[in-house]
Amino acid sequence: MAFLIDATAAFFIFQIVAVVLAYFCFLPFFPSYFVIWLLYYCGCFLSKRTTLGLSFFNSYLKDGGAKQSYVFRLVLRECFTSFPAVVLWLFSWNSIVALQIALLATVCLILTIWRKRLFRLKTVQEEKTNSNPAFISNQQIKRRKIIGIYGLLIFLGTGSFCLNSYLTGDKIIFEEKPIALRPRPTAHSVSKYTDFINANSKDINEYIKELYKNYDHVVLCERWHPECTQYDMIYDMVTSPYFADSISNVFTEIGNIEKREAFRRITATSFASDSLKEKALASFIIESQTVWLLWSNTNWFDFLRNMSEFNHNREKPVNVLFSDILWTDINKLSERDSVMAYNIINTINSDSIKKSLVIMNYRHAFMTPRNCGYYLQQAFPGRVANVMLNTFSFNICQVPSALQHGKWDVAVEQADKDRFAIDFQNSPFGDDKFDLAPILSWVSSHDVKYKDMFNGMIYCTLPAEQYAGHGFPYIFEQENQAKLKSEVAIMPGDQLSNYDFLKYSNLIEKGGNYLENFVYNLIYIIFILASILILIGIFIASIYYQKK
């Protein structure tokens, strides 16, 4: 119970500190909460030799060593064996490798087991049999003070969190779903990012044009597959006069390489009506599957339809070049990046393609080993650039999480522009630690920054204005259903029933960080409720002790 009191007290102290420092810097929940929890322990033991929780139960830290070394031994004890310290040692490193975490876990375990002997400190409880009236009276007064302090911390911590959320939270989220509102960095704390955008941002198409002066092939790191606004930007990019006339080649992760010619035939056909063209495209998408039984994303259908219309009767079309294959053996999916890269490299060489755009999703675009971008860089050293789209990451619970705790998005809001491109070299954005793919920290032995992973970033549409679309016209025509049923047998692990939700209507998902924020706020509500229960519990306990 003492541990729970101290853990929740530290949580509310963290909220108070966070709002006090918000103007200057943003304190993310992890590791800031555990740092403050550790400081709380150290501060309490150094000043009173007890904590709020321990004091309620008449417990304190007894020193069995030399007084001169008390501070040193205490700090070592708390910094290596307390619960928040162990969490920090194991999980708060920017780069964690298996050997490192195993070593740290072993050291912490050994120190924790032997901490009484090593540090000569132990928690003891005052004699319960002490019947001195003055002692009993002091204990009653002390418990009432502890209850008051704990209740005040709950009140101030909750108020601080709400105030911080209101002052810094996303206004769009506040209007649409207040329960998902949470604190973000303040405008002042991200001013250097805002200043950089105002001074160095470029038009997206102009930025891409400049890249092609120094590179032959540009890899574009797509955000979450079904997000729609990114494909509006991509369409504008590849149909711009410069790209259409000088580059005119777009490799895509999505689509079967064997269906390139089939798409060209659709593009060349003059359909009697738009509905006939849409039926043909729907049938084409269902026939050109690679990994999934059905690629149902609305943006892909719209992109192919728009590109077909743009290229129709055009003397020099913009070639849409699919790069994947049909994966009937799910056990070979580990080879997918190398296969896609081979298909792209082979096409570039066989068709004498001078320059191209390669659209890959998430890690496939990274120029780290075993990714498609890496294989392309190896094939064309020094001739491949890669650019990321503003997006979000997925945290350890696979919940979408804002990059850099949202400070990039706040900076963009302050700059009052949401469609631009920036270079990562010599920029505060590029100097930030890479957090787009947290899993890389478990396999990398060094700190990675954004400028190490990408040449630059295209910022297109604020997170709260992004949306995902699922489904497209004529997706479940009778003929298409028959094709899907026949293909179930050769697509292991995928079932037609997974797409039943599309039979009724298209599905639109709102973007932004609603889910992550909601989960965070749910945790906060649980902390509050637990703290209130603890408050009630210790109040009842104090009455019991008083009567006893």
Residues at least two apart in sequence or cross-chain that pass salt bridge (charged side-chain N to carboxylate O under 4.0 Å, His left out) with Arg73, listed by chain then number, are Asp63
Between side-chain atoms of residues 145-160 and protein atoms elsewhere (two or more places apart, or another chain), which donor-acceptor pairs fall under 3.5 Å?
from: Tyr150; atom 1: OH; to: Thr8; atom 2: OG1; distance (Å): 2.6
from: Thr158; atom 1: OG1; to: Ile154; atom 2: O; distance (Å): 2.8
from: Ser160; atom 1: OG; to: Leu156; atom 2: O; distance (Å): 2.7

Taking Glu206 first and then Lys202, would you say they form a salt bridge - that is, a charged N and a carboxylate O separated by under 4.0 Å?
no
Ignoring hydrogens, what is the shortest heavy-atom contact between Ala437 and Ser393? Give both atom names and the distance.
N-OG, 4.2 Å
If you count heavy atoms of other groups shown closer than 6.0 angstrom to NZ of Lys48, is the number above 12?
no
Which atom pair, heavy atoms only, marks the closest approach of Ser427 to Phe424?
OG-O, 3.3 Å
Asn299 versus Gln230: any side-chain heavy-atom pair under 4.5 Å?
yes
Taking all non-hydrogen atoms of both residues into account, name the closest pair between Pro31 and Leu88 and its distance.
CB-CD2, 3.5 Å
Filter on side chain to side chain donor-acceptor pair (under 3.5 Å), then keep only pairs touching residues 529-540, sequence neighbours left out; what's left?
none
At their closest point, which heavy atom of Asp337 faces which heavy atom of Cys372, and how far apart are they?
OD2-N, 2.8 Å
I need the Leu109 CG to Leu104 CG distance, nearest 0.5 Å.
12.5 Å
Which pairs of donor and acceptor atoms, one on a side chain in residues 38-45, lie under 3.5 Å apart (sequence neighbours left out)?
from: Tyr40; atom 1: OH; to: Asp6; atom 2: OD1; distance (Å): 2.6
from: Tyr40; atom 1: OH; to: Leu52; atom 2: N; distance (Å): 3.2
from: Tyr41; atom 1: OH; to: Trp37; atom 2: NE1; distance (Å): 3.4

Side-chain (Asn517) to main-chain (Ala180) donor-acceptor, under 3.5 angstrom:
yes
N/O donor-acceptor pair under 3.5 Å between Thr50 side chain and Ser59 backbone
yes
Test side-chain contact (heavy atoms from CB on, under 4.5 Å) on Met457 and Tyr450; report intermediate values, then the result.
CA-CA 10 Å; Met457 173 177 67; Tyr450 271 93; over 6 Å; no
Go through the side-chain N and O atoms of Thr112 and Arg77 and say whether any donor and acceptor fall under 3.5 Å apart.
no
Is there a donor-acceptor pair closer than 3.5 Å between any side-chain N or O of Trp89 and the backbone N or O of Cys79?
yes
Here the gap from Met360 atom CE to Cys221 atom SG, rounded to the nearest 0.5 Å, amounts to 10.5 Å
Exam field: side chain Tyr70 to backbone Leu46, donor-acceptor pair closer than 3.5 Å:
no
Would you say the ring centers of Phe11 and Tyr524 fall short of 6.0 Å from each other?
yes
Flag, side chain of Asp203 to backbone of Asn205, donor-acceptor distance under 3.5 Å
yes
Flag, side chain of Gln125 to backbone of Phe57, donor-acceptor distance under 3.5 Å
yes
Taking atom CZ of Phe72 as the centre, does the number of heavy atoms from other residues, nucleotides or ligands within less than 6.0 Å exceed 12?
no
Between Phe366 and Tyr374 (judged by ring centroids, cut-off 6.0 Å), do the two rings come close enough to count as a pair?
no
Side chains of Phe34 and Val86: does their closest heavy-atom pair fall under 4.5 Å?
no
Nearest 0.5 Å, what's the NZ-OG1 distance between Lys192 and Thr194?
11.5 Å
Check against side chain to side chain donor-acceptor pair (under 3.5 Å), His364 and Asn371:
CA-CA 5 Å; His364 303 299; Asn371 293 318; 5.2 Å; no
Applying side chain to side chain donor-acceptor pair (under 3.5 Å), which residue pairs with at least one partner in residues 411-423 are found, sequence neighbours left out?
Arg184-Glu413, Ser201-Lys417, Tyr207-Asp423
Heavy-atom side-chain contact between Thr81 and Phe119 under 4.5 Å
yes
Step through the shown structure and confirm whether more than 12 heavy atoms of other residues, nucleotides or ligands are within 6.0 Å of CG on Asn426.
no
Taking atom types as modelled and ignoring hydrogens, do the side chains of Gln404 and Asp435 form a donor-acceptor contact shorter than 3.5 angstrom?
yes
Nearest 0.5 angstrom please: Phe29 CZ to His405 NE2, how far?
12.0 Å
Verify, without hydrogens or angle tests, whether Thr298 (side chain) and Gly471 (backbone) share a donor-acceptor contact under 3.5 angstrom.
yes
Test item: Ser32 and Phe14 side chains (from C-beta on) under 4.5 Å apart, heavy atoms
yes
Should the pair His188 and Phe24 be assigned to parallel (<30°), tilted (30 to 60°) or perpendicular (>60°) ring geometry?
perpendicular
Pairwise side-chain contact, Val387 with Val219, heavy-atom cut-off 4.5 Å (strictly under)
no
Quick check: do Ile359 and Leu357 have side-chain heavy atoms less than 4.5 Å from each other?
yes
Between the side chain of Asn455 and the main-chain N/O of Ala385, is any donor-acceptor distance below 3.5 Å?
no
Electrostatic pair Asp432:Lys449 at N-O distance under 4.0 angstrom
no
Could you tell me the separation between the OG atom of Ser165 and the CG atom of Asp170, rounded to the nearest 0.5 Å?
12.0 Å
Does the ring of Tyr60 carry Arg49 above it, NZ/CZ under 6.0 angstrom from centre and within 45° of its axis?
no
Between Lys171 and Tyr166, which heavy-atom pair has the shortest distance, and what is it?
NZ-O, 2.8 Å
Pair Trp292, Tyr499 - check ring-ring contact (aromatic ring centres under 6.0 Å, His included), show working.
CA-CA 11 Å; Trp292 307 104; Tyr499 306 95; 8.4 Å; no
We want to know whether Tyr193 and Asn198 form a side-chain donor-acceptor pair, criterion being a heavy-atom distance below 3.5 angstrom.
no
Does any non-hydrogen side-chain atom of Lys407 lie less than 4.5 Å from one of Ser189?
no
Measuring centre to centre across the rings, with the benzene-like ring taken for any Trp, is Trp300 within less than 6.0 Å of His225?
no
Quick one: pull up CG in Asn164 and OG1 in Thr186 and give me the separation to the nearest 0.5 Å.
8.5 Å
Any side-chain heavy-atom pair from Glu465 and Ile172 closer than 4.5 angstrom?
yes
All ring-ring contact (aromatic ring centres under 6.0 Å, His included) counterparts of Phe301, not counting sequence neighbours
Phe472
Would one find more than 12 heavy atoms of other residues, nucleotides or ligands at under 6.0 Å from atom NZ of Lys122?
no
Side chains of Thr229 and Asp232: is there a donor and an acceptor less than 3.5 Å apart?
no
Tell me whether Arg144 at atom CZ has more than 12 heavy atoms from other residues, nucleotides or ligands lying less than 6.0 Å away.
yes
Between Phe30 and Phe91 (judged by ring centroids, cut-off 6.0 Å), do the two rings come close enough to count as a pair?
no
Considering non-hydrogen atoms only, spot the tightest contact between Phe26 and Pro183 and give its length.
CE1-O, 3.7 Å
Can Asp302 and Tyr235 be counted as having a side-chain donor-acceptor contact under 3.5 angstrom?
no
Under 3.5 Å, is there a donor-acceptor pair between the Arg223 and Asn390 side chains?
yes
